[in-house]
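Written out below as structure tokens is the structure these notes cover.
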Number of protein chains: 2
Amino acid sequence: MSNKHVFIEKLRSSGLRPTKQRIEICKLLFDRKDTFHFSISDLKNNLENVSSKKISLATIYNTIHAFTGKGYLKEISINSDKTYFDTNTSDHHHFFDENKKKLIDLNDNDVGKIKIKKILPGKKIKSIEVLVRITNDN
Amino acid sequence: MSNKHVFIEKLRSSGLRPTKQRIEICKLLFDRKDTFHFSISDLKNNLENVSSKKISLATIYNTIHAFTGKGYLKEISINSDKTYFDTNTSDHHHFFDENKKKLIDLNDNDVGKIKIKKILPGKKIKSIEVLVRITNDN
DNA sequence: CACTACATTAGAATCATTATAAATTATGAT
DNA sequence: ATCATAATTTATAATGATTCTAATGTAGTG
């Protein structure tokens, strides 16, 4: 696996030691070309399919949280049911298909520039998130 | 209370019988000029302050969900910690103050028009939600 | 007033997430 | 390589929000 040193670097820079469990998680998250939108349970299921040795939830949570803190993953709020994460960390927005309960990326070009005309003294903007809810057209 | 028949109408049109517990909830939600952003636990605390007789969580949940379904309340997704509701049901967006953990309304004029340039066949847009996260400016 | 369907309630169940504590492993120095 | 130490993993328990349940109470119709 030629990417292993990349994974190790991602882990170290997130303040985590590389362990075989975390490397497995990295493979699933970062060894892909497409964007991956997932919940923790999605990830757990995927991990169990790929390698039959199971990784505990605690390990999954701590790894994902470290990556999110470091900016290697984005956390997305859709509803209170579940937290979703996104391997696409560039500035972008989302469709949420309410029928399929799936996220679809909207890249920056897909959304016109957003102007916020209200300013709050002593506050600065940390992020602007657009969520476009879509449903079947019938 | 001259608003009581308004509350009863809101309840009936949401498919709920008017009961004294639900009327209490209505008073707190709709008998005000300002927008009210709240979580279920906020609402429960408020109810316990106003009237010393306690209303069970089950009743609060079923009433709030019926109002949300009917469009008398808006549900807002900030993070997975908690679900927030908003008595302002007009088209508008939000600041979320990450230090104070509070929502602030951004009315439609505060946000420039949002253009979605990507179209998905067979799907229609149900809503566009903008969440602007803000933090202390230091 | 009486009947029926809907509501209320406390408490149990559930689900995602976080904390705990004991056993295991990575790392850096020797 | 070996050792000591600190970090990690894991199963399990704890937590907190939300939903369910089943017994009791109340609103609405006639």
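Every chain is numbered from 1, with letters handed out A, B, ... down the list of sequences. Computed from a predicted model, the values in this text were never measured in an experiment.
- Using a 4.0 Å heavy-atom distance criterion, B:K54 is classed as a sugar-phosphate-only contact.
- Each end of the helix from C:dC1-D:dG30 to C:dT30-D:dA1 gets its own rotation axis from five pairs of C1' atoms, and the angle between them is 30° to the nearest 10 degrees.
- Phosphate contact (OP1/OP2 of C:dT17, side-chain N/O of A:Y61, threshold under 4.0 Å): present.
- Remark: C1' of D:dA17 and CD1 of B:I64 are 15 Å apart, rounded to the nearest angstrom.
- Relative ring orientation between A:Y61 and A:H65 is described as tilted, the plane-to-plane angle lying within the 30° to 60° band.
- As rounded to whole Å, 13 Å separates atom P of D:dA27 from atom CG of B:L11.
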**OP:** Show your working on side-chain contact (heavy atoms from CB on, under 4.5 Å) between A:T35 and A:H37 and close with a plain yes or no.
**Re:** CA-CA 7 Å; A:T35 295; A:H37 295 121; 3.7 Å; yes
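- Separation of the B:F67 and B:F30 ring centroids falls under the 6.0 Å cut-off.
- Going from atom CD1 of A:I78 over to atom P of C:dA16 covers 16 Å, rounded to whole Å.
- Comparing D:dT18, C:dT17, C:dT9 by their nearest atom to the side chain of B:L57 picks out D:dT18.
- Counted within 6.0 Å of NZ on B:K124, heavy atoms from surrounding residues, nucleotides or ligands total more than 12; the atom is thus considered enclosed.
- Taken residue by residue, residues 12-22 of chain B places heavy atoms nearer than 4.0 Å to DNA chain C at B:G15, B:L16, B:R17, B:T19, B:Q21, B:R22.
- Rounding to the nearest 0.5 Å gives a distance of 12.5 Å between NZ of A:K27 and CG of A:L29.
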